[in-house]
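Remember, it's 1-based here, ligands and their atoms both numbered in the order they're listed.
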Amino acid sequence: MDFLNGEIVGLAGEQGGAAPINRRIVELDTQASLAPRNGSAAGLIEALLEVVDKPGGVFIVEDESDLPAADDGVWTFAELQVLAQEHVGIEESNGEISLHTMWLGGEYENPNVLGVAWGNRHLAMFGERIDRACNGLLIGALTCSLAEATIWTHEVGHVIGLVDRGTPMVNDHKDPEHPAHDVSRESVMYWAYDGTDFTELIGALTGNSVIPWGAECERDLEAVRNGN
Ligand SMILES: [Zn+2]
């Protein structure tokens, strides 16, 4: 991993003197020996900088690195909620908004889901399960890192209220079959990109960056930035 315990990485944007901090913090807690791949944190930061109004920057702060394993290797949603309450550690201060990511072994109660988000604050990423999905398809490290960053970005998208879950829609683009998701496959908020259909996610990855937010999600987030 390319960042150290407790250190802030991903500095972007200017931090001017006594101005309000106005930055977004992604608190990262990991299970022992698990961590995001090199490059996936950078992919998330790049995606967030495109849409959030945080002139102080977007930071990932590694906090705890000894989260417990699931008793039986399977995380239920109720267990994740308890874990999150026990380990969320970063206080939000003036101008700061923080998201809480937990990087876990084992798998979710629906093993096809590789990341899950809730409560406009928390998200869990199933790192070991992502490894297995990547190895099963024998895809390269670069593509795997991009897939991981895409899933992480998708979950952060849920936390920031996409689609129509706190961030109002300018135009209707929510998927009636999959609430909180974008109807368009061109958007990172398409339902399959939480890993539910990993093959589809890999198929959608082209080029060297995370799947874009898509026109409608960008429009919604722009309206929030402009205070509309
Ligand atoms: Zn989703």
**Message:** Any side-chain to backbone donor/acceptor pair from E128 onto G106? Under 3.5 Å, distance only.
**Reply:** yes
**Prompt:** Any side-chain donor paired with an acceptor under 3.5 Å for H181 and H158?
**Reply:** yes
**Message:** Please confirm whether the ring centroid of F126 lies under 6.0 Å from the ring centroid of W103.
**Reply:** no
**Message:** Could you enumerate the protein N, O or S atoms under 2.8 Å from the Zn ion (ligand 1), written like residue then atom name?
**Reply:** H154 NE2, H158 NE2, H181 NE2
**Prompt:** Is the W191 ring parallel, tilted or perpendicular to the H178 ring (thresholds 30°, 60°)?
**Reply:** parallel
**Asked** Any cation-pi pair here, R129 with Y108, using under 6.0 Å and within 45°?
**Response** no
**Item:** T196 side chain to D194 side chain, donor-acceptor N/O pair below 3.5 angstrom
**Value:** yes
